[in-house]
Amino acid sequence: MIQKYWLLKSEPSTWSWEEQLQVSSEPWTGVRNYQARNFMKEMNVGDLAFFYHSNIGKEIVGIVKIVAPYHPDDTDDSGKFGCVDVAPVSSFKTPVTLNQIKKTPALQDMALLRQSRLSVMPLTKEEWDLICKMGEY
DNA sequence: GCCAACGTTGGC
DNA sequence: GCCAACGTTGGC
């Protein structure tokens with residue numbers, strides 16, 4: 001299975017990186033957007049994802065890995081949406097801010113910039129590697 | 001706090 | 001099936 005790379009957004013007031021670091025794994029619940037949901041369906045156990053703080057912070061703070069494939073989201077009564085489980089992997093030494101991403105020519109195609117409301121998105125390996133470098137991971 | 005972008009809902 | 005109205009996200 002090919003390793004894939006993702007970015008997950010969370011508002012720190014809802015679920016922060018500090019909270020994520022304190023659990024062994026956590027279901028990524030609350031996604032109510034079909035495009036984001038479909039990306040989660042494509043995730044495989046072992047895929048890696050950046051953890052991005054939206055609204056407050058506006059920066060990538062660390063890395064999580066997918067530890068359970070797509071399954072129903074208990075918080076969704078409609079039954080239309082599901083989630084994956086993610087476990088913390090590592091904190092960035094230096095968080096990578098939205099501003100830095102905007103200023104980096106190689107990152108202009110990221111959905112983070114082009115589709116600001118999308119909360120789950122894929123990244124290319126090139127984008128992944130560059131951001132890891134910027135975060136001094 | 002405002003507003004742009006965009007997804008969803010519901011009337012027709 | 002179209003589109004206006006409305007709600008939500010998230011950057012500023």
Side-chain angles (χ1 to χ4, degrees):
Chain A
M1 201 80 79
I2 298 168
Q3 167 103 61
K4 286 184 285 215
Y5 302 96
W6 308 93
L7 184 145
L8 298 170
K9 275 188 195 172
S10 185
E11 279 196 53
S13 57
T14 304
W15 181 252
S16 71
W17 180 240
E18 290 67 31
E19 289 170 282
Q20 180 74 55
L21 283 174
Q22 284 166 22
V23 298
S24 57
S25 81
E26 185 74 12
W28 198 262
T29 56
V31 171
R32 298 292 181 269
N33 170 284
Y34 290 106
Q35 205 184 345
R37 180 200 70 176
N38 291 340
F39 285 135
M40 287 199 295
K41 283 186 176 178
E42 292 176 25
M43 292 178 181
N44 296 307
V45 171
D47 284 357
L48 296 171
F50 289 135
F51 191 113
Y52 176 83
H53 274 164
S54 63
N55 269 310
I56 300 161
K58 283 170 281 181
E59 57 192 12
I60 296 169
V61 287
I63 293 171
V64 292
K65 73 177 168 197
I66 312 305
V67 293
Y70 188 81
H71 61 85
D73 179 343
D74 290 341
T75 70
D76 174 36
D77 294 333
S78 75
K80 291 175 185 163
F81 296 97
C83 59
V84 296
D85 292 2
V86 299
V89 172
S90 173
S91 291
F92 273 179
K93 198 195 264 182
T94 316
V96 177
T97 66
L98 181 62
N99 253 333
Q100 279 177 272
I101 291 167
K102 282 184 169 174
K103 283 189 282 187
T104 305
L107 299 177
Q108 294 307 300
D109 283 339
M110 282 178 68
L112 188 67
L113 303 184
R114 313 186 107 204
Q115 250 180 296
S116 68
R117 291 182 52 196
L118 188 63
S119 64
V120 179
M121 66 194 76
L123 271 72
T124 66
K125 176 150 181 28
E126 289 71 27
E127 290 163 345
W128 178 269
D129 288 343
L130 178 56
I131 290 170
C132 282
K133 211 174 289 177
M134 291 163 73
E136 296 180 75
Y137 168 59

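Reminder, nothing fancy here: chain letters follow the sequence lines and each chain counts from 1. Since the structure is predicted, the reported quantities are computational estimates derived from the model, not experimental observations.
Scanning all heavy atoms of the two residues, the minimum distance from E127(A) to A106(A) falls at CG-O, 4.4 Å. In terms of heavy atoms, P88(A) sits closest to S24(A) at CD-O, 3.7 Å.
Checked against the 6.0 Å centroid threshold, W17(A) and F92(A) do not count as a close aromatic pair.
dT9(C) atom P lies 15 Å from atom OH of Y52(A), rounded to whole Å. Taking atom CG of residue L7(A) and atom C1' of nucleotide dT9(C), one finds them 15 Å apart after rounding to whole Å. Distance CD1 (I56(A)) to P (dT9(C)): 14 Å, rounded to an integer number of Å. Atom P of nucleotide dT9(C) and atom CH2 of W15(A) are separated by 19 Å, given to the nearest angstrom. For the pair L98(A) CG and dT9(C) C1', the computed distance is 14 Å after rounding to whole Å.
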Next on the checklist: Test side chain to side chain donor-acceptor pair (under 3.5 Å) on T75(A) and R32(A); report intermediate values, then the result.
Outcome noted: CA-CA 10 Å; T75(A) 70; R32(A) 298 292 181 269; 2.9 Å; yes
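The distance from atom CZ of F50(A) to atom NZ of K9(A), rounded to the nearest 0.5 Å, is 15.0 Å. Interatomic distance, CH2 of W28(A) versus CG of D85(A), reported as 11.5 Å (0.5 Å rounding).
Distance alone, capped at 3.5 Å, is enough to place a donor-acceptor pair between the D73(A) side chain and the G30(A) backbone.
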Please list each protein N or O that sits under 3.5 Å from an N or O in nucleotides 1-8 of chain B, with the distance.
unit_1	atom_1	unit_2	atom_2	d
dA5(B)	N3	R117(A)	NH1	3.3
dC6(B)	O4'	R117(A)	NH1	3.2
dC6(B)	O2	R117(A)	NH1	2.1

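Looking at K133(A) and D129(A), no side-chain N of the basic residue comes within less than 4.0 Å of a carboxylate O on the acidic one, giving no salt bridge.
Contact annotation: K9(A) side-chain N/O to dG10(C) OP1/OP2 distance is under 4.0 Å.
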Item to check | Bracket notation of DNA chain B in which parentheses pair within the strand, [ ] cross earlier pairs, and | pairs with another strand (Watson-Crick or G-U, under 3.5 Å) | outcome: ||||||||||||
